[in-house]
Each structure stands twice: as structure tokens, then as C-alpha cells.
Amino acid sequence: MVKKKLRQWYLRITEYADRLLQGLQTVDFSDAMKEMQTNWIGKSIGAEISFEIKAASHEQEGTKPKALSSKLIVYTTRPDTIFGVDFMVVSPEHELVKLITTAEQKAEVEKYIDYVNSRSERERMAEKKITGCFTGAYAINPFNAKPIPVWISEYVLAGYGTGAIMAVPCGDERDFKFAKHFNIPITNIIGDHFNGEEANDTKEAKLTNSDFLNGIVMKDAIDLVVKQIETLGIGKKKINYRMRDAAFSRQRYWGEPFPIKWKDGTAYPLSENELPLLLPKVDSYSPGPEGEGPLANIPEWVAKELETNTMPGYAGSSWYFLRYMDPHNDVTFCDRKVSDYWNQVDLYIGGTEHAVGHLLYSRMWTKALYDLGFIGYDEPFKKLLNQGMIQGSSRFVYRIQGTNKFVSAGLKSQYETNELHADVNFVDGVELDIEAFKKWRNGEYANAEFILEDGKYICGAEVEKMSKSKFNTVNPDDLVARYGADTFRMYEMFLGPVEQSKPWDTKGIEGVHRFLKKLWRLFFDETKGPIWTESAPSLSERAGGEATAEELKTLHKTIKKIEDDTERFSFNTAVSAFMVCVNELADLKCNKREVLEPVLIMLVPYAPHIAEELWKALGNSNSILDASFPIFEAKYVAESTKEYPVSINGKLRTTLSLDINISQQEVEPIVLANETVQKWLEGKAQKKIIFVKGKMINIVI
RNA sequence: GCGGAUGUGGCGAAAUUGGCAGACGCACUAGACUUAGGAUCUAGCGCCGCAAGGCAUGUGGGUUCGACCCCCUCCAUCCGCACCA
């Protein structure tokens with residue numbers, strides 16, 4: 001493997017950082033999503049302060065300090081701690097390192113930089129060792145002329161802020177640990193708030209040891225110091241973002257071409273009449289000779305000096321919803337009148353895995369198009385609903401180290417084993433189908449031996465992301481073939497709240513399937529054929545009369561529930577409401593078109609195929625998609641009495657059927673006369689009777 | 001470490017505004033129909049108890065006439081970010 005520098009294009013998303021942050025307040029996203037984007041953008045308000053540097057070792061030797069033209073500029077969010085700075089840390093890659101390192105420290109610094117370079121990013125993140133090296137140089141605190149040793153350490157990142165920090169060990173945990181590790185004396189500027197055992201990042205402490213800031217509460221001192229450094233011309237207020245510009249070119253894959261051509265090493269955009277730039281037809285998508293994209297393999301493309309990188313997937317995914325509004329327009333991507341008409345995407349259902357990618361890029365893209373006047377809004381998605389992930393349920397086998405023997409999960413503690421994913425498709429529950437396992441991966445385990453428990457090989461199990469690499473993927477095609485797409489769709493909805501993740505488990509799918517069959521039987525009998533009836537006798541020989549009050553009550557109760565549940569994305573309870581409805585209609589032996597037809601219409605989004613099929617079976621010639629949603633009428637569900645729960649001291653003891661409009665005065669004597677209530681009162685007088693109309697009755701004794 | 005979420009029967013879950021905990025479904029038990037049942041129907045099904053009743057929404061506390069729901073403590077699991085000064 002060889003590391004190579006490649007030409008890359010970047011999307012200047014950092015230009016939009018602040019607006020992407022502001023915009024979050026105007027959209028209906030979950031808090032988790034807003035939090036993720038906010039953290040990713042990582043806005044921080046602070047100051048850049050520049051420090052004079054002197055090479056102290058020269059001074060000590062009595063020679064003239066070497067005049068250093070470069071100053072050390074640090075970024076801090078806590079300028080109020082300026083008098084607590086006990087050392088500086090610059091990143092090992094910082095350009096100043098070479099300039100300021102003293103002769104005495106040169107060897108050590110070089111050794112340290114070699115060490116840092118030897119470590120991969122992964123190692124650096126995984127093991128957080130405290131490492132560092134003194135440069136021999138000192139920065140001068142501009143307020144009290146105190147010399148501050150300058151160190152280098154890998155914990156300071158070159159890419160953030162100025163790549164250098166002022167370390168305040170009494171207020172920052174990492175700085176504190178660093179100071180302890182290298183025995184750097186710690187200045188306490190927060191009085192009692194610092195205990196010497198750990199740093200305290202409070203902003204509430206009154207400053208001590210801080211010259212002109214003494215006695216001022218830290219959070220109030222921040223602006224004071226910023227003003228002061230601005231007056232002195234040694235720094236300025238500065239806002240930083242953690243977010244980086246997004247790499248916007250790809251080499252390995254086919255993607256949209258850049259409308260860019262090169263001339264003498266300079267990139268020029270193609271003129272309008274050269275657009276659209278279309279990709280050539282190719283047979284092979286292999287990468288170009290020097291790790292460039294596939295386009296570098298195409299002579300006519302290269303001859304025109306066109307850019308050979310292609311765009312990443314999110315180039316298209318950032319704005320496709322606009323094209324969907326006006327897909328056949330060959331003049332512009334989407335006519336302004338059209339996008340004004342459709343406006344924002346009302347509801348976007350997607351997973352959180354796109355939180356800091358696609359969902360951030362589309363927001364930026366929309367803002368750019370808005371700025372250019374192509375669309376009239378700068379947020380793409382009005383509301384975002386995060387559906388949970390269907391996770392995989394992984395199975396593991398345990399191979400005894402250095403052997404081809406596998407030990408059943410219950411016995412694995414007796415051996416040194418390696419855990420391997422086994423394909424869930426040949427595990428029944430947790431029992432491994434050994435023969436299938438032996439044939440797996442072209443017989444890689446054909447000669448494996450197995451240590452069984454009770455004659456079975458038991459696998460370990462864990463819930464993980466569903467992924468091919470974990471061999472825990474299941475193919476929905478099998479289920480669709482067996483139960484149909486409607487059952488599959490409805491079962492997914494029935495599993496639980498949409499926004500919750502859960503492992504894929506088909507245990508309950510039968511229930512949904514039975515429901516659909518039961519629905520079917522309201523229309524058709526296995527032997528008799530069609531059994532639905534018409535309300536008006538003249539329309540059919542199967543006349544059933546008017547729908548009864550009970551039938552209409554079931555229907556309208558369901559209309560209300562489905563409307564409400566769908567509106568609040570509570571699909572699992574909506575499915576259950578359909579089940580209740582069909583159960584009730586079956587109990588009532590209701591086969592009336594007048595009642596069944598509205599149920600079908602409501603069912604369309606949940607089980608579209610069967611709804612349409614039954615709709616057609618009823619003799620409708622249009623599509624059920626064009627039918628209008630049934631209208632709820634309260635009169636059919638109105639009750640005249642209510643079964644009130646009666647509690648004594650909050651514990652349910654009995655229920656009473658009472659007039660819906662009964663008042664507290666009327667209730668009290670009825671309740672007190674009740675046999676069960678009398679029994680529980682045991683002759684004692686009640687202190688209070690709580691009566692909540694339409695809800696409950698509670699007697700306090 | 002920081003941030004977000006979630007904990008309710010054997011299982012998936014419901015309880016929408018603080019007011020009957022467990023709707024609906026799976027699994028299970030018994031029965032009916034049947035040549036048959038991986039079809040359908042009936043009944044039962046949180047735990048303890050013969051019953052009356054008691055106990056139950058991760059733990060411990062608080063507020064309230066009343067808490068799965070509000071507040072505090074702790075525990076567990078999942079997800080995201082992970083040295084961002």
C-alpha cells in the first residue's frame with residue numbers, strides 16, 4: 001500500500017456553519033438529531049491571542065536572545081484564565097516548532113516528532129497516553145511578562161484553531177494531567193474552587209492570582225480580557241468550528257462529472273453552451289493509472305483536459321427532492337414556480353445514520369440554492385422523523401485458539417477461544433446446523449470438529465447492526481413470498497414505535513397475517529364465495545339492511561383512532577386498531593359494504609394490495625387511491641353512560657355505571673350507598689370525594 | 001469521558017393531558033370442528049393465593065387524593081461523538 005497525494009475538491013460547508021446552526025431552530029427535528037448536528041458543527045466562541053517568544057536558554061547563557069519574528073498564536077475559549085497559563089502546547093506539526101526549538105532540546109524534539117509520526121491515527125485515538133516534549137522556548141505573558149514554557153504534544157490537534165493552546169492546568173483536565181505528568185508547577189487562579197486533585201472548569205469562580213482581574217467572576221472577565229487584548233493589538237475575538245470542509249471528489253467510483261476543464265494547471269468552469277457535460281459510456285469502472293478516477297482511463301476525456309475526479313453520492317442526494325418536483329424540465333433543474341408551489345418537504349423519514357452527512361449536506365445545498373435565488377426557502381425538510389434501525393441478531397461460534405475445533409457456548413469458558421460470526425441463516429434459534437456450517441465459505445470449516453453440549457452446538461447471541469460482515473442479514477424476499485408484501489409491511493409497522501430500533505424477529509408475523517385473512521373473510525367465504533351485502537336491497541341479491549348502531553360505532557371509533565394514530569406516526573397502535581375493528585365486525589357478523597368500504601379506504605396506506613383488491617372485488621372501477629377518506633361523525637360513538645372506576649385511597653375497588661352528565665353532588669350519595677364502598681369504609685367517614693367528570697371517582701378516608 | 005435515548009408479563013408492546021396498568025398480537029393451556037391441521041372457532045393466560053385479598057411498570061426516595069407518566073438518586077442496555085482548547 002502506498003500513500004499518495006491526490007487532487008481533491010472540497011465543498012465549502014464551513015461557510016454555512018453558522019446558518020446551519022441557526023436553521024436548526026426553524027425545523028422540526030428530534031432533539032437527538034439537532035444535538036448531533038450541533039456537536040458536529042462544534043461552534044465555539046473564544047479569542048486568538050498572540051504571544052511573544054524568546055529562547056530562554058540563550059538568555060541564561062548571557063547571550064542576546066535570538067529575535068524571533070514569529071509569534072505564537074493560540075486559540076482559547078477562556079481568555080479569562082490568562083493568568084493561569086502555566087505552559088503552552090503546540091501540535092507537533094506546527095510550523096513554529098522548528099523555529100523556536102532550542103539547540104539543547106533539538107534532539108529530544110526530533111525524537112518526539114518521530115515517535116508521533118510512527119503512530120497511526122487509530123493508535124493515537126485508542127490509547128490516550130500523556131506524551132509531550134519541551135521545546136526549550138518560552139512565550140511571554142503579555143499582561144505580566146511571565147515566561148511560559150512551550151511544549152509540543154500530540155493531544156493538540158494541528159487542524160483545529162491555531163494548532164496551539166495556552167494550558168491552564170487548574171481549569172482544564174487534560175492540561176492538569178499534562179502538568180502533573182511533567183511536573184509543571186500549577187498556578188491556582190480560582191481559589192477554593194481548585195483542590196489540587198483535579199481541574200475545575202467552572203466559570204463562576206472569583207479570580208485570584210490574576211492581576212487586574214482579581215475578584216472578578218470568571219464569566220464576566222472573558223469579555224474584559226478580549227477587549228484588553230484587542231486594545232493592545234495582540235489578539236481578537238474569534239469563532240471556531242469543529243466542522244471541516246467536506247471532501248467532494250471521488251476516484252474509485254462513478255459519479256457526476258465536474259464541469260471543469262484544466263488549462264496550464266488552472267481549473268476553468270465549462271461555459272454554459274458546453275453543458276450538460278455527460279459521462280461517456282464505458283465497459284469498465286476500474287480506477288485510473290495513478291489512483292485517479294475511472295475517467296482518467298478514457299482517452300477522449302483526458303484529451304479534452306476535463307477533470308477526472310467525479311462527485312460523491314451526496315452530490316445528487318443533496319437536492320433530488322427538488323428535481324422530483326419537476327422531473328421533466330429540460331431547461332432548469334426545477335422551475336421556481338414549481339418549487340414555490342410544492343415548498344419544503346413536509347416530512348422526511350430517515351435514519352440517524354445520515355445525521356452528519358446527507359442531512360447536513362442537503363441543508364447546506366438548499367441554503368446555497370436559496371442564496372442564488374433558485375428556490376424560496378433555505379431549509380429542505382420541514383419535519384424529520386427518525387425511524388429506528390432494524391438490527392440484526394448475530395450468532396457466534398467459538399473456535400479454540402490455534403485449532404479447528406469449535407466449542408459450544410456453554411463450555412467456552414473452559415478454553416481460550418476466538419469468537420467468530422456464524423451466518424444466522426443456518427442457526428435455528430441458537431442451535432447451529434453443523435452440516436450447513438461445514439459447507440459454508442467453500443468448505444473452510446469442512447474438517448472442523450465440534451465440542452457439543454447435550455448433543456447440540458449452541459451459539460452465542462448478540463444484537464448488532466444488521467450487516468453482511470456480521471452474517472446476520474435476513475432476506476425479506478422469503479417472507480414476502482410466504483406471507484405477501486402487505487403482511488410484511490404491516491408487521492414492520494406493528495413491531496413497535498417507528499423511532500425505536502429493535503432486532504429483527506419474525507415471531508409475531510403470523511398475527512398480522514391472520515388479521516388480513518380475517519379481513520378477507522368479511523368479504524368472502526371459502527365455500528360460499530362473496531358474502532358482503534348491500535344496504536339498499538335493490539342493488540344486490542345479498543341485501544343486509546342498514547348498518548346497525550353498533551356497527552357504525554365500531555366504524556367511527558376506528559376512523560377516529562386511525563386518523564389520530566396516523567397523524568402522530570403511531571403506526572403500531574393503528575394496526576392494532578384495525579385488528580380490533582375487524583374482530584368486532586366479525587363478532588357482529590357485519591358484512592355490509594356501507595361499513596366495510598370505509599375500512600378498506602383507511603387501510604390503503606397500511607396494506608395497499610389487499611385494500612385495492614377488495615375494493616375492485618366490490619365492483620369499484622376506479623382505484624381505491626382516489627377514494628376519499630371517511631369522515632368521522634361523533635354522533636355514532638356518543639355514550640350516554642360511563643363505567644366509572646371507583647377507588648378508595650387511590651386503589652380501585654369497584655366500578656359504577658353512571659350517567660355521562662352526572663355532577664359531583666349527584667355522584668356522592670350514589671357512591672357512598674354502594675355496597676363495596678360501604679364495606680371498605682368500615683363505618684369510617686370519608687374525608688373527601690374526588691370526582692373527575694368522565695374519568696374517575698376516588699374516596700379518601 | 002461528553003451527549004442522546006430506552007428500561008412495563010415468557011416475548012413484541014399499549015396506556016395520546018397525572019385518573020381502571022398490560023389494549024392488540026405472538027407463544028402457551030384446554031376444548032370444538034375435522035380424514036387431517038402450520039386452517040378456523042370458543043375459553044383461559046402478570047405474579048402469589050382455595051378464596052378474600054396482596055404484590056407488580058429497572059433501583060431507592062420525593063411531590064400528589066391519585067404516578068409507567070412529574071422531580072431527585074443509583075443501576076443496566078443501546079446509539080452518536082470521541083483529545084476540538
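Owing to the predicted nature of the structure, the values given are computational and were not obtained by experimental measurement.
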Inset, instruction - Describe the nucleic acid contact of Asp172(A) in one word from base, sugar-phosphate, nothing, applying a heavy-atom distance below 4.0 Å. - result: nothing
Inset, instruction - Answer whether the closest heavy-atom distance between the side chains of Ile697(A) and Leu658(A) falls below 4.5 Å. - result: yes
Inset, instruction - For rG19(B) versus rC70(B), give the span between their C1' atoms, rounded off to a whole number of Å. - result: 15 Å
Inset, instruction - Determine the contact category for Ser44(A): base if any of its heavy atoms lies under 4.0 Å from a base atom, sugar-phosphate if only primed atoms, P, OP1 or OP2 are that close, otherwise nothing. - result: sugar-phosphate
Inset, instruction - Using the P atom as the reference point in each nucleotide, state the distance between rG3(B) and rC20(B) in Å, no decimals. - result: 36 Å
Legend entry - Touch class at under 4.0 angstrom, heavy-atom based, for Lys687(A) against every strand present: nothing
Inset, instruction - Using whole Å, report how far CG of Leu652(A) lies from P of rA56(B). - result: 16 Å
Inset, instruction - With C1' as the reference atom in both, quote the distance from rG46(B) to rG22(B) in angstrom, rounded to an integer. - result: 8 Å
Inset, instruction - Starting from P on rG7(B), measure out to NZ on Lys502(A) and report it in whole angstrom. - result: 10 Å
Legend entry - Spacing of Tyr155(A) atom OH relative to rC84(B) atom C1', expressed in whole Å: 13 Å
Inset, instruction - Classify the nucleic acid contact of Leu495(A) as base, sugar-phosphate or nothing, counting any heavy atom under 4.0 Å across all strands shown. - result: sugar-phosphate
Inset, instruction - Could you give the distance separating rC65(B) and rG12(B) at their P atoms, to the nearest angstrom? - result: 36 Å
Inset, instruction - Check every strand shown and say whether Asn583(A) touches a base, only sugar-phosphate, or nothing at a heavy-atom separation below 4.0 Å. - result: sugar-phosphate
Inset, instruction - Quote, to the nearest angstrom, the C1' distance that separates rC75(B) from rG31(B). - result: 46 Å
Inset, instruction - Answer with base, sugar-phosphate or nothing: what part of the nucleic acid does Glu643(A) contact at a heavy-atom distance below 4.0 Å? - result: base
Inset, instruction - Report the distance from atom NZ of Lys589(A) to atom P of rC41(B), rounded to the nearest whole Å. - result: 11 Å
Legend entry - Whole-Å distance separating the CG atom of Leu681(A) from the P atom of rC65(B): 19 Å
Inset, instruction - Select from Arg653(A) and Asn572(A) the residue whose nearest nucleotide in RNA chain B is closer to the 5' end of that strand. - result: Asn572(A)
Inset, instruction - Taking atom C1' in both rA82(B) and rU64(B), compute the distance separating them and give it to the nearest angstrom. - result: 43 Å
Legend entry - Structure string for RNA chain B in dot-bracket form, Watson-Crick and G-U at under 3.5 Å, | interchain: (((((((..(((......[....))).(((((.......))))).(((....)))..(.(((..]....))).))))))))....
Inset, instruction - Pick base, sugar-phosphate or nothing for Lys679(A), based on heavy-atom distances below 4.0 Å to the nucleic acid. - result: sugar-phosphate
Inset, instruction - Syn or anti for rG10(B), please, going by whether the chi angle lies within 90° of 0. - result: anti
Inset, instruction - Indicate, with a heavy-atom threshold strictly under 4.0 Å, whether Arg568(A) touches base, sugar-phosphate, or nothing. - result: base
Legend entry - C1' spacing across the pair rC33(B) / rA43(B), given as an integer number of angstrom: 15 Å
Inset, instruction - Between Asn698(A) and Trp680(A), just flag the one whose closest nucleotide in RNA chain B comes earlier from the 5' side. - result: Trp680(A)
Inset, instruction - Can you tell me, in whole Å, how much space there is between the P of rA23(B) and that of rC11(B)? - result: 15 Å
